[in-house]
Every structure is written in C-alpha cells, then in structure tokens.
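Structure record follows, encoded as structure tokens.
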There are 2 protein chains.
Amino acid sequence: MTQTVEHTRERLLQAALRRFSERGFAATTVKQIAADVGLKAPAIYNHYASKEELLVAASTWALDAFQNYVLGQDDPSQGDVERLEGLVRRHVLYQLTNLEVARANDLVLDEVTMQESLPPEMSRDIRGRMRVHLDLLTTLTSSVIGSSAYPDARTTALAITTLCDRVNVWYRPGGPSSADEVADAYWVLAKRLLAI
Amino acid sequence: MTQTVEHTRERLLQAALRRFSERGFAATTVKQIAADVGLKAPAIYNHYASKEELLVAASTWALDAFQNYVLGQDDPSQGDVERLEGLVRRHVLYQLTNLEVARANDLVLDEVTMQESLPPEMSRDIRGRMRVHLDLLTTLTSSVIGSSAYPDARTTALAITTLCDRVNVWYRPGGPSSADEVADAYWVLAKRLLAI
DNA sequence: GTCTATATAGCGATAGAC
DNA sequence: GTCTATCGCTATATAGAC
C-alpha cells in the first residue's frame, strides 16, 4: 500500500501495448487504456499528448526490448554459424516469452508496411531498425553460404527471420512444446535453409 | 459507355477488399468505400446490410479465390513431392499476383487470431478452411519426410506455408525478381526444409 | 494529477424525396 | 437505386473545478 502508486506513465504504456497488440490501434480507445490502469480517459492527457503519441511510445518500447534482447547479446568474436544460431534462438525465444510485445511489433511493422498510419519520422526509424537486424542476418548468412549461392543470402536471411517472426502466430503457451523445444526445432530448420 | 454500369454490389466488394487490406477494418470508413465506386455512403446499404457484412463478403470472396487457385489445381494422382511443389508454387504465385487479396487474407486471418472482430460463425469457417490447407500440406509432408522426422511434419508444413504466406510482405512488383523467379527460389527453400 | 462536463468531429446507419 | 438530411452514438481531446 505504501507505493502502489507506480509511475502512471509506464503503466499506461504497458496497457496501451497490450490493447494495441490485441485489437489494433484504430479499434482501441483511450477510454479502455485508461480503465485498465484505473483512470478516466482524460487523465491520459496528463501523461501523453495524444493517442498517437501513446502508439509511438509503445512501439518504440517494444522495438527496443526486442532489439536489446536479440541483437544486444550478439558476440562478434564468435563464429558466423554460432552467431546465426544465437540470433535465431533468441528471436524465437523472444517471440514466445513476450507474446504481447511480439504481437505489438508485428502490428507496428504492419502499419509501417501500409501507409499513413504512423508519423513518417517513426516509419523511417522502424524501417531503419529492421534493416539493421536483416543486414546483420544477411551478412552472416552470406559468410556461411557464400556470395554466389542460390537462393541468395538476402532471400535466405529473409526466410529465416520470417519463420522466427511468425512463430507466435500458431504457438500456444499451454501446448505440447516448450519455448526452448521450439527454438531447437527452428534452429534445425534454419540450418536446412542454410544447407548446412 | 454501353454498360459501364457493372454490378455495383461487386464493385463495392472489390473496393472494400482493397481498403480493408490497406488500412484494416476499423480504420476504413464506409464513406471511403462508397467514394471509390462513385457513390455516397448511404447507397452502400442498398447492397449490404452493414459494414460488417461487407467485411464478411470480402473475406469470403478472398479466401475462396485463394483456395480455388491453390487447392483447386491439386491433382491427387500425382506424386507427393509433385503435389507439394504445386502447392508451394501456386501459393507464392498467388500471393505475388494478387497482392491485395493476399493482404486481405492476412488481415482476416489476423482478426481471427485476435478476438471479437468477426462474427463467431465466420471465425469458425475461416479456421476450418485454413485447417484444410494445412492438413493437406501436413499429410503430404509426412509422406515425404516420414512420421518420425524431426522437426515433425506439422512443424515443417507450418514453416513452408508461413514462408509462402509472407512473401508478399517484402516483395515489390517493380523489383529485381519476377513472381516466377521467387516461386522457383521458394520451392528450393521448401525442399531444403523437407531435407530433399 | 484526477475528476466532471463539454467541445468538436466523425462514425455507421436510417428516413424520405426523387 | 441514389440522393440529402439527419439521428444517435462514440471517439479524441480540452476546460476548469478540486
């Protein structure tokens, strides 16, 4: 009871993240987000200037969390295959142990793929971040399969990251496989795509 | 000029399909759909009872078109590998030559994955249809890789269909590859996943 | 920093003339 | 079958009291 206060701003961000990831941006109302943290709708505007700013904040937070986890642990002193394995495993594990954040990332990526949904500045930022991830994956893939491989490194890297990215679409927490088991299986699949 | 009339109902459905696929259901207004076919918003209700009915009609149409193309040409008298090749190639080609419809299918599948967006009857219908596709793919995969393979046939089939499904996310019509070239490359990737 | 009350705007959908 | 006008509602966001 002493400091159940907790910073309202952060709790609003988490509530927004969950709502946006469940129903999408347009179908979510600020009233719902406010209610999730025990507030009336107008109180939100003491913390965020607009609903769109909430989307930007939530999306940025989700992308940061993903990249910190997946890319932050990459160790350039390791071999290329080991680095690829780490990227694949962490990508899968992240998707499966942070279903909400992962869904939010799917969502924001979708809104970037489409038009007008997000402020252009943020669209650029997001594209840039995804490029960092894909470029690293492509570089490592190229080292492993060679520069004249068919399909080429970019196509192969895209296939690998797509598989990892979509794992949360069909995975259900209570199901037969643990997240680690799925990560194992997906690294096997990735190795097949790399033909190693 | 003789019969530029064309059945308004169908043109509305196509306009709805495009709008929904571009911006999502909640963010699309009936006014926009009506304007796309040169009508005012209320005229829509002479053809569809509600915005939701337009979504149901558009989604059903899109799913039918996809399944007719991909599954309708499947020939059970062929070998398992040949049938898998056909399914993969047609899936990719369909995604790339019907970008709008493909996006609409992504969308409706997403709304099914989430909750409440669609009438429950339709959610069941869509789940059933996707099961038909995945079940066929899983059966053929199982025949090819065996029932004790690791990862198992369902995981492998899911990976293959996921790759095909997401090809339209990064493909751009004016880019370096034709749809046929992408289909070639993806069948190579699918074979690697099948370890053949 | 939260509340109630309200401004403003846009939505889906209906009524009724043509 | 389409139009204009409008209903009823809900949305985001603001104003001002506490």
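Worth knowing before you read on, the calculation uses all heavy atoms, side chains too, and leaves out hydrogens, waters and symmetry mates. Here is how names work: the chains are called A, B, and so on, in the same order as the sequence lines, proteins then strands, and each is numbered from 1.
Under the side-chain hydrogen bond (donor to acceptor under 3.5 Å, both in side chains) criterion, A:Tyr94 pairs with no residue at all, not counting sequence neighbours. By the ring pair (Phe, Tyr, Trp, His ring centres under 6.0 Å) test, B:Tyr45 pairs with no residue at all, sequence neighbours left out. Evaluation of the salt bridge (charged side-chain N to carboxylate O under 4.0 Å, His left out) rule for A:Asp80 yields no partner, not counting sequence neighbours.
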What side-chain donor-acceptor pairs closer than 3.5 Å can you find for residues 55-63 of chain A, not counting sequence neighbours?
{"from": "A:Ser59", "atom 1": "OG", "to": "A:Leu55", "atom 2": "O", "distance (Å)": "2.7"}
{"from": "A:Thr60", "atom 1": "OG1", "to": "A:Val56", "atom 2": "O", "distance (Å)": "2.7"}

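Contacts classified as salt bridge (Lys or Arg N to Asp or Glu O under 4.0 Å) and involving residues 159-183 of chain A (residues at least two apart or in different chains) are not found. The salt bridge (Lys or Arg N to Asp or Glu O under 4.0 Å) pairs that include a residue from residues 183-196 of chain B are B:Arg89-B:Asp184, where partners are two or more places apart or lie in different chains. Residues in residues 151-161 of chain A take part in no salt bridge (Lys or Arg N to Asp or Glu O under 4.0 Å) pair, two or more places apart or across chains.
For A:Phe66 and A:His91, the ring centers are positioned less than 6.0 Å apart.
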Any protein N or O atoms within reach of nucleotides 8-12 of chain C? Criterion: under 3.5 Å, listing atom names and distances.
{"from": "C:dG12", "atom 1": "OP1", "to": "B:Thr28", "atom 2": "O", "distance (Å)": "3.4"}
{"from": "C:dG12", "atom 1": "OP1", "to": "B:Val30", "atom 2": "N", "distance (Å)": "3.4"}
{"from": "C:dG12", "atom 1": "OP1", "to": "B:Lys51", "atom 2": "NZ", "distance (Å)": "3.2"}
{"from": "C:dG12", "atom 1": "OP2", "to": "B:Val30", "atom 2": "N", "distance (Å)": "3.1"}

Every protein N/O lying under 3.5 Å from an N/O of nucleotides 2-7 of chain C:
{"from": "C:dT2", "atom 1": "OP2", "to": "A:His47", "atom 2": "NE2", "distance (Å)": "2.7"}
{"from": "C:dC3", "atom 1": "OP2", "to": "A:Lys40", "atom 2": "N", "distance (Å)": "2.8"}

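Here the C1' atom of nucleotide D:dG1 and the CD atom of B:Glu10 are 18 Å apart, to the nearest Å.
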